[in-house]
Amino acid sequence: MAKTLRILTWNINSVRLRQGLLKDVVDKLAPDVVCLQETKCPDDLFPLDLPKVLGMDHVLFRGMKGYNGVAVFSKTPMRRHEDTQDWVGKEDCRHLAVELDLPGGPLVIHNFYVPAGGDIPDTELNPKFAHKLDFVAAARDHFAKTPKLTRAVLVGDLNIAPLEHDVWSHKQLLKIVSHTPVETALLTEWQDTCWHDGLRHFVPADQKLYTWWSYRAKDWEAANKGRRLDHVWVTHDLKGALTRHEILKEARGWTQASDHVPVLVELAL
DNA sequence: ATGGTAGAGATTCTA
């Protein structure tokens with residue numbers, strides 16, 4: 001008997017500010033697991049009443065002051081997975097791996113927040129871009145060492161839109177951080193270590209698909225200059241378990257919205 | 001290598 005598991009990923013851009021919107025997202029999409037990025041909340045200030053409000057008993061988080069931060073909520077028991085890492089020598093709270101106990105055996109979920117990389121796509125002029133490339137290369141190399149990985153899911157804000165139709169204009173974004181060839185090549189290499197693109201599984205590569213719209217656009221919906229920065233990957237053994245996806249675009253139009261929208265994938269495990 | 005907006009938390013950084 002297959003169990004349905006709905007996994008939600010969202011760059012919430014402050015978990016404290018958007019607790020109410022998170023409740024609305026959970027009520028609407030009924031996830032079993034919620035992975036957040038950019039919680040921007042030190043661990044000692046994390047809102048500990050939030051799990052009860054969301055109807056999700058279990059929570060794990062890794063936060064810091066001001067920036068970054070990841071958290072996972074779950075309806076079923078979980079524990080922090082040993083493969084949670086600091087990447088490229090920085091303790092900047094960009095990764096949290098959890099292990100869930102499910103009837104068919106444990107499932108590992110990696111929650112990532114990849115560095116945005118600044119504005120200038122040049123590693124000499126911009127250390128933040130160098131950090132981003134180093135981070136993705138390290139993640140690639142790490143998963144290349146575990147090529148037989150199974151029953152695992154990787155989600156998060158990877159801050160790279162790899163395909164032509166993951167951005168509103170491929171040509172105009174080739175020199176824009178998030179869609180430069182060096183970034184998209186690295187992300188593809190990372191994915192190719194053991195992962196299958198769980199969103200493009202449902203949406204053909206020739207169709208536009210976005211999860212993020214800049215705060216800086218006057219009318220984000222009319223301009224529709226989006227990018228697909230948020231991802232859900234599954235190991236190849238779980239490809240056949242993918243049953244549904246949803247990108248909650250309407251959330252971008254809510255009052256005091258995040259610039260990223262919630263992304264849901266359902267698996268029949 | 002424009003400037004636009006948003007959040008944290010300090011009067012600027014990161015996205």
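First the proteins, then the strands, lettered A, B, ... as listed; each starts at 1. Keep in mind that this is a model prediction, so the values were computed, not measured.
Mapping L125(A) and K128(A) onto DNA chain B via the closest heavy atom, the residue that lands nearer the 5' end is L125(A). Along DNA chain B, the nucleotide nearest to E38(A) and the one nearest to G66(A) differ in position, and the one closer to the 5' end is contacted by G66(A).
The same atom, P, is picked in dT5(B) and in dA1(B); the two are 23 Å apart, to the nearest Å. Atom P of dT14(B) sits at a distance of 15 Å from the matching atom of dG9(B), rounded to the whole Å.
Taking the side chain of R16(A) as heavy atoms from C-beta on, and the options dA1(B), dA8(B), dT14(B), the nearest nucleotide is dA8(B). The listed nucleotides are dA15(B), dT5(B), dT14(B); the one nearest the side chain of Y215(A) is dT5(B). In this structure, of dC13(B), dG4(B), dA1(B), it is dC13(B) that holds the atom nearest to the side chain of Y67(A). Closest approach to the A116(A) side chain among dG9(B), dA15(B), dG4(B) is made by dA15(B) (side chain taken as heavy atoms from C-beta onward).
Residue H131(A) contributes atom NE2, which lies 15 Å from atom C1' of dC13(B) at whole-angstrom precision. One interatomic measurement links the two molecules: NZ of K40(A) to C1' of dG9(B), which rounds to 11 Å at whole-angstrom precision. Atoms CH2 (W220(A)) and P (dG4(B)) sit 22 Å apart, rounded to a whole Å. In this structure, I12(A) places its CD1 atom 12 Å from P of dG7(B), rounding to the nearest Å. Atom CZ in R227(A) sits roughly 11 Å away from atom C1' in dA15(B) (whole-Å rounding). Separating the CG atom of D119(A) from the P atom of dA1(B) is a distance of 11 Å, rounded to the nearest angstrom. As rounded to whole Å, 11 Å separates atom P of dG9(B) from atom CG of L17(A). Between the CE atom of M64(A) and the P atom of dA15(B) there is a distance of 10 Å, given to the nearest Å.
The cationic group of R227(A) does not satisfy the cation-pi geometry with W168(A), failing either the under 6.0 Å distance to the six-membered ring centre or the 45° limit from the ring axis.
For the pair D57(A) (side chain) and K75(A) (backbone), a donor-acceptor distance under 3.5 Å is absent.
At a threshold of 4.0 angstrom between heavy atoms, the contacts of N13(A) are confined to the sugar-phosphate backbone, with no base atom among them. Within 4.0 Å of F129(A), counting heavy atoms only, lies no atom of the nucleic acid at all. Base engagement by I120(A) is indicated by at least one non-hydrogen atom pair under 4.0 Å involving a base atom.
Side-chain atoms of Q207(A) and H165(A) include no donor-acceptor pair closer than 3.5 Å.
Between F143(A) and W195(A), the angle of the ring planes goes over 60°, which puts this pair in the perpendicular group of the 30/60° scheme.
Regarding contacts with the backbone of dT2(B), every side-chain N or O of R216(A) stays at 4.0 angstrom or more from both OP1 and OP2. Between K65(A) and dG9(B), a side-chain N or O to OP1/OP2 separation shorter than 4.0 Å is absent. At dT14(B), none of the side-chain N or O atoms of R94(A) fall inside 4.0 Å of OP1 or OP2 (strictly under the cut-off).
R62(A) has a carboxylate O that lies under 4.0 Å from a charged side-chain N of D86(A), or vice versa, which qualifies the two as a salt bridge.
Using a 4.5 Å cut-off on side-chain heavy atoms (C-beta onward), Y67(A) and Y113(A) make no contact.
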